[in-house]
Amino acid sequence: MPVEEIAGGLLSSILRFFGWVFLEIIVEILIRGLGSLLCKLFTKNEVDSSIETVVGFLAWVLIIFVCFKLLV
């Protein structure tokens, strides 16, 4: 195998790993974390993680929309 193919495969694997870590951080901390916080504020029961994800995503969409409207 040529060195270029080995280096390209290694670089591809490293970038894929860092992309996966970055995506996990965004989804787990930013989206599900905000969703979990909001669900705990408004409900007393334990909610499903998919509901937390949807609530967190909608909250971020609302935050971005409000910030955009304030700036424009």
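No hydrogens, no waters, no symmetry mates; every other heavy atom, side chains included, goes into these values. All figures in this text were calculated on a predicted structure; none of them were measured in a lab.
Rounding to the nearest 0.5 Å places CD1 of I26 at 15.0 Å from CZ of R32. We find the CG-SG distance between L62 and C67 to be 9.5 Å, quoted to the nearest 0.5 Å. Note that SG of C39 and CD of E52 are 5.5 Å apart. Values are rounded to the nearest 0.5 Å. To the nearest 0.5 Å, atoms NZ (K69) and CD1 (I64) are separated by 14.5 Å. Going from atom CD of E28 over to atom OG of S36 covers 10.5 Å, rounded to the nearest 0.5 Å. Note: D48 CG to T53 OG1 = 8.5 Å, rounded to the nearest 0.5 Å.
Results of the side-chain contact (heavy atoms from CB on, under 4.5 Å) test with L34 over L58, V55, I63 single out I63 as the only residue that passes.
When the side chains of ILVMFWY residues are joined at heavy-atom separations under 4.5 Å, either directly or via intervening members, V66 and L38 end up in two distinct hydrophobic clusters. Linking Ile, Leu, Val, Met, Phe, Trp and Tyr residues whenever their side-chain heavy atoms come within less than 4.5 Å leaves V61 and L70 in two separate clusters. W60 and I51 fall within the same hydrophobic cluster, defined by Ile, Leu, Val, Met, Phe, Trp and Tyr side-chain heavy atoms under 4.5 Å apart, directly or through other members. Residues V27 and W20 fall into different hydrophobic clusters, defined by Ile, Leu, Val, Met, Phe, Trp and Tyr side chains chained together at heavy-atom separations under 4.5 Å. Using a 4.5 Å cut-off between side-chain heavy atoms of Ile, Leu, Val, Met, Phe, Trp and Tyr, with links allowed through other members, I14 and V21 fall into the same hydrophobic cluster.
Side-chain atoms of S13 come within 3.5 Å of backbone N or O of G9 as a donor-acceptor pair.
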Exercise. Check step by step if side-chain hydrogen bond (donor to acceptor under 3.5 Å, both in side chains) holds for N45 and T43.
Key: CA-CA 6 Å; N45 300 333; T43 62; over 6 Å; no
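Surrounding CD of E46 are at most 12 heavy atoms belonging to other residues, nucleotides or ligands under 6.0 Å away.
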